[in-house]
Amino acid sequence: MKLLRVGPKGAEKPAILHTDGTYRDLSSVVPDINGASIGADGLARIKAADHSSLPVLDKGSRIGPCVGNVGKFMCIGLNYADHAAETGAAIPAEPILFMKATSAIIGPNDDVILPKNTLKPDWEVELGVIIGKEAKYIEEKDALDYVAGYCVVNDLSERHFQTERGGQWTKGKSADTFGPIGPWLVTKDEIADVQNLGMWLDVDGHRYQDGSTKTMIFGVAHLVAYLSQFMSLQPGDVITTGTPPGVGMGQKPTPIWLKPGQTMKLGIEGLGEQQQTTKAYAA
């Protein structure tokens, strides 16, 4: 199933992408697409509903973040061997974890506001993993049992804040609008091999990122199990799993940074596409 949330910010309705291409309103089935509704019971209830009889939503309406009320937004850095190579970084011995503020989350096609005093804003197409049930100290062989589905994430970054302002990466990752997720939560049964998905990102029509999840250093199952050793993972939590090469920071001979008025388009095979316009911060 491809689940989404449709409507104005803060008033999104839960929906499903029907086989006929329409968005069908799930409000009579579940109150929202969030941690409370994406466990096994909730997904079974959604699947069992008569989707053809559900009200049709306007496809011209805004698509919100594909998960509501995200508790934790966890990110893995330098998790693609080819991306580590372009940055000149060593392959990490263990996953590099940082957190992204949940206040950064927006819909997949909402505007991206470049933060005040930005110098080096950058793009990153990433695979998002959405947790479906509580995970504590789980083993890698069982890890995918705790996953509800997957989504596209643009893990936007301000590299000056991230690497030149001291401390940890979180402050370079957490600006408002720096976490577009969606358009859909694609349930894991629709993805035959999550470690072999093509992914891409364009800026103003130029293809900068063209990679695959097959070059991940630590795969999805490993990451879910690994993180569960340090904290419980809760339904609705999002893990964004790293980016392939082609980020602005890695461009040669000179890095390229985002500017106001640009268009980013990005997508992952089977998980849909996003499009955002960058805008300057205005007080």
Side-chain angles (χ1 to χ4, degrees), residues 1-3 33-47 66-67 69-84 89-100 102 124-153 155 168-170 173 179 181 184-199 211-244 268-271:
M1 297 182 291
K2 293 181 172 69
L3 306 177
I33 305 300
N34 58 20
S37 64
I38 59 173
D41 290 346
L43 292 179
R45 188 161 58 251
I46 293 170
K47 187 173 184 178
C66 60
V67 185
N69 305 118
V70 173
K72 293 192 291 295
F73 198 175
M74 297 161 283
C75 308
I76 306 299
L78 294 175
N79 193 36
Y80 281 68
D82 37 7
H83 173 54
I91 299 295
E94 295 191 32
I96 296 173
L97 170 66
F98 60 93
M99 308 295 275
K100 198 173 181 89
T102 56
E124 296 186 32
V125 59
E126 303 202 6
L127 169 73
V129 178
I130 301 165
I131 299 299
K133 67 176 180 178
E134 184 179 58
K136 285 185 182 181
Y137 303 114
I138 63 172
E139 297 185 31
E140 184 170 339
K141 65 180 178 63
D142 303 319
L144 296 187
D145 294 341
Y146 295 80
V147 172
Y150 306 103
C151 68
V152 181
V153 177
D155 177 24
Q168 298 179 342
W169 290 0
T170 299
K173 297 284 189 169
I181 63 173
W184 310 310
L185 183 166
V186 180
T187 52
K188 63 185 176 186
D189 58 297
E190 290 209 8
I191 304 301
D193 184 0
V194 73
Q195 299 303 157
N196 190 24
L197 300 178
M199 53 203 308
S212 170
T213 59
K214 67 185 177 183
T215 67
M216 278 187 184
I217 298 165
F218 304 106
V220 169
H222 182 88
L223 292 173
V224 173
Y226 180 85
L227 293 177
S228 79
Q229 308 307 308
F230 303 99
M231 67 193 82
S232 64
L233 306 180
Q234 303 296 326
D237 285 351
V238 177
I239 305 167
T240 189
T241 56
T243 197
I268 299 178
E269 182 182 354
L271 302 183

Atom CZ of F230: over 12 foreign heavy atoms under 6.0 Å:
yes
Distance, nearest 0.5 Å, that separates CE of M216 from CG of L197:
8.5 Å
Nearest heavy-atom contact between A221 and A143 is O-CB, 3.3 Å
In a check of side chain to side chain contact (heavy atoms under 4.5 Å, CB included) between M1 and each of I46, D189, L185, which one passes?
I46
Residue pair P92 / I217: nearest heavy atoms and the distance that separates them:
CD-CD1, 4.0 Å
Would you find a donor on one side and an acceptor on the other, under 3.5 Å apart, between the side chain of S228 and the backbone of A135?
no
Separation of Y80 OH from T213 OG1 (nearest 0.5 Å):
5.5 Å
Flag, side chain of T243 to backbone of V125, donor-acceptor distance under 3.5 Å:
yes
To the nearest 0.5 angstrom, please state how far the OH atom of Y146 sits from the CD1 atom of I138.
5.5 Å
Minimum heavy-atom separation for G211 to P244, with atom names?
CA-CB, 4.0 Å
Can you find a heavy atom in the side chain of M231 that is under 4.5 Å from one in the side chain of L97?
yes
Does the side chain to side chain contact (heavy atoms under 4.5 Å, CB included) test come out yes or no for I131 and V224, once each step is laid out?
CA-CA 9 Å; I131 299 299; V224 173; 4.3 Å; yes
A side-chain contact here means heavy atoms from C-beta on lying under 4.5 Å apart; do Y150 and V129 qualify?
yes
From T240 OG1 over to K100 NZ, what is the distance, rounded to the nearest 0.5 angstrom?
7.5 Å
Please test F73 against M99 for side chain to side chain contact (heavy atoms under 4.5 Å, CB included), starting from the C-alpha separation and ending with a verdict.
CA-CA 6 Å; F73 198 175; M99 308 295 275; over 6 Å; no
CD (Q168) with more than 12 external heavy atoms under 6.0 Å
no
Just by modelled atom types, is the G198 backbone N or O under 3.5 Å from a matching donor or acceptor in the E269 side chain?
yes
d(E134 CD, D237 CG) to nearest 0.5 Å is 10.0 Å
Only one of N79, V220, V153, I239 passes side chain to side chain contact (heavy atoms under 4.5 Å, CB included) with L127, and that residue is V220
Stepwise, does the side chain to side chain contact (heavy atoms under 4.5 Å, CB included) test hold for M74 with L233?
CA-CA 10 Å; M74 297 161 283; L233 306 180; 3.8 Å; yes
Any side-chain heavy atom of N196 sitting closer than 4.5 Å to one from S212?
yes
Is a donor on one side and an acceptor on the other found under 3.5 Å between the side chain of K72 and the backbone of S232?
yes
Please answer whether the main-chain N or O of L144 pairs with a side-chain N or O of K188 as donor and acceptor at a distance below 3.5 Å.
yes
Minimum heavy-atom distance C66-I33, with the two atoms named:
O-CG2, 3.3 Å
Between D155 and E124 (side chain of the first, backbone of the second, donor and acceptor by atom type, cut-off under 3.5 Å), is there such a pair?
no
Nearest 0.5 Å please: distance from the CE atom of M199 over to the OG1 atom of T215.
8.0 Å
Quick one: do W169 and I96 satisfy side chain to side chain contact (heavy atoms under 4.5 Å, CB included)? Show the steps, please.
CA-CA 10 Å; W169 290 0; I96 296 173; 4.2 Å; yes
